[in-house]
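Step one of this worksheet: look at the structure below.
Start at 1 and go down the list; that is how both ligands and their atoms are numbered.
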Amino acid sequence: MIFFRKKKDDSFHSEKNESKEQKFNYGFQRSRNRLREGFLSIIGKEIKINENFLGDIEAILYQSDFGPHITENLLRKIEATSRKQSIKSYDQIRDIIKEEFRDRFSQNDITIQPEKYKPFVLLVSGVNGSGKTTTLGKLAKYFADQGKKSLIIAGDTYRAAAIEQLETWAKRAGADFIKNPDATNPSGIIYDGIQKGIRNETDIILIDTAGRLHNKSHLMDELSKILRVIKKLIPEAPHESLLVIDGTVGQNGLIQAREFGKILPVTGLVITKLDGTAKGGILVSIHEELGYPVKFVGLGEKIDDLLPFDPDLYTDSLFGND
Ligand SMILES: Nc1nc2c(ncn2[C@@H]2O[C@H](COP(=O)(O)OP(=O)(O)OP(=O)(O)O)[C@@H](O)[C@H]2O)c(=O)[nH]1
Ligand SMILES: [Mg+2]
């Protein structure tokens with residue numbers, strides 16, 4: 001078992017001090033451009049709500065992956081509104097969409113209250129390559145910015161490179177780090193790590209796990225075991241269990257992710273790589289499909305590119321707010 005404490009390394013932090021509005025705007029740039037392209041023929045022009053027009057809107061929303069349910073709901077709303085008042089502009093359509101999204105996310109509670117427990121234990125899980133390790137590093141930085149002391153546990157004992165990757169993130173975030181390069185399963189290191197965290201009065205313990213596919217039963221069993229190990233030391237932990245989902249994956253990734261909820265008490269989602277897709281509507285689809293709150297969004301590869309999800313900023317970034 002190897003444990004180190006590091007001073008914060010500032011060289012990896014973004015130089016620009018962008019606001020969260022700017023980050024959302026930048027992260028959803030591709031998606032916004034795609035939607036703008038779709039809406040180009042109606043922006044600034046007088047429109048007429050008819051079947052053709054609704055068909056066009058449907059195609060645009062589909063292309064951005066808002067999914068059939070949400071798209072249909074929006075079309076119905078536009079139609080219903082047009083029966084009560086005349087809809088003549090894109091701005092009015094946009095307002096209807098915004099209102100719908102506001103409703104949809106009104107119950108989306110992103111609150112994470114690390115001060116409620118000490119140590120506060122946060123676990124990440126998800127399929128291979130979804131962005132777990134990166135997210136964990138970014139979270140350590142997020143909590144460090146709030147003056148919290150974190151310990152990262154390298155719970156991915158399958159890939160040697162995973163430990164190094166995580167160690168680099170821990171250094172960047174100024175977090176303590178615990179690993180065991182010789183371990184063949186994660187239980188021991190997680191057990192040791194939590195004990196260490198308790199002893200050192202760490203505020204937050206962040207546990208990384210290996211990527212796994214839902215149909216690999218031994219790996220899914222291992223998740224149950226991880227849960228048992230955590231609970232053995234702190235029965236009410238993990239206080240936060242975040243399922244990390246790649247925002248660029250299709251339905252398959254979603255189906256896999258759903259299986260995690262059968263084993264872990266998932267408390268929320270982190271949707272990553274949203275900067276890498278023009279189909280930003282996928283976020284609403286994933287939320288709808290899995291039913292967990294979206295707590296954070298990954299909008300880039302830098303350490304500051306993980307942001308608490310904000311439905312208003314999300315909608316403004318997609319549809320504009322001018
Ligand atoms: N553009 C972008 N890339 C991201 C984001 N989050 C993660 N990545 C990239 O996605 C790739 C995979 O990230 P990891 O954090 O290693 O994913 P993981 O889930 O830990 O992978 P496994 O441990 O192998 O299952 C890396 O190249 C990351 O830089 C994001 O929000 N935006
Ligand atoms: Mg990883």
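Side-chain atoms of Ile245 and Val270, non-hydrogen and from C-beta on, never get closer than 4.5 Å to each other. Side-chain contact check for Leu166 versus Ile152: some heavy-atom pair is nearer than 4.5 Å.
The nearest N, O or S atom of Thr133 is closer to the Mg ion (ligand 2) than 2.8 Å.
For the pair Ser130 and ligand 1, a heavy-atom separation below 4.0 Å is found. Using a non-hydrogen distance threshold of 4.0 Å, Gly129 registers as a contact of ligand 1. Taking a 4.0 Å cut-off on heavy atoms, Asp156 registers as neighbouring ligand 1.
Each of Leu227, Leu122, Ile226 was checked for a side chain to side chain contact (heavy atoms under 4.5 Å, CB included) with Pro238, and the lone residue meeting it is Leu227. Exactly one of Thr134, Asp246, Thr248 qualifies for a side-chain hydrogen bond (donor to acceptor under 3.5 Å, both in side chains) with Lys273. That residue is Asp246.
Not a single N or O atom of Leu274, backbone or side chain, sits closer than 3.5 Å to an N or O atom of ligand 1. Distances between N or O atoms of Lys132 and those of ligand 1 include at least one value under 3.5 Å. Of the N or O atoms in Gln165, one or more lie within a sub-3.5 Å distance of an N or O in ligand 1. Of the polar atoms of Gly300, at least one N or O is found under 3.5 Å from an N or O of ligand 1, judged by distance alone.
Ring pair Phe101/Phe66 is tilted by interplanar angle, where 30° to 60° counts as tilted.
Taking a cut-off of under 4.0 Å to the non-hydrogen atoms of Gly211, the atoms of ligand 1 that pass are 25 (O). Near Arg159, meaning under 4.0 Å from any of its heavy atoms, are these atoms of ligand 1: 22 (P), 23 (O), 24 (O). Atoms of ligand 1 found under 4.0 Å from any heavy atom of Gly298 (numbered from 1 in listed order, with element): 31 (O). Ligand-side atoms of ligand 1 in range of Leu299: 31 (O), range being under 4.0 angstrom from any heavy atom.
Between the side chains of Glu222 and Tyr158, a donor-acceptor pair is found at a separation under 3.5 Å. A donor-acceptor contact under 3.5 angstrom links the side chains of Thr133 and Asp208, judged on distance only. Asn33 and Arg30 form no side-chain donor-acceptor contact under 3.5 Å, judged by distance and modelled atom types alone.
Ring centroid separation for the pair Phe296 and Phe309 does not come in under the 6.0 Å cut-off.
With values rounded to the nearest 0.5 angstrom, Thr267 atom OG1 is found 9.0 Å from Leu123 atom CG.
Ion pairing between a basic and an acidic side chain is recognised when a charged N comes within 4.0 Å of a carboxylate O; Asp305 and Lys141 show no such pairing.
The parts of Thr133 lying near ligand 1 are both backbone and side chain, judged by heavy-atom distances below 4.0 Å.
The protein heavy atom nearest to atom 32 (N) of ligand 1 is Asp275 OD1, 2.8 Å. Closest to atom 17 (O) of ligand 1 among all protein heavy atoms lies Gly131 N, 3.1 Å.
Between the choices Asn128, Thr134, Thr135, Leu166, the shortest heavy-atom distance to atom 15 (O) of ligand 1 belongs to Thr134. Proximity annotation for atom 29 (O) of ligand 1: of Lys273, Arg212, Glu301, Glu301 comes nearest, heavy atoms only.
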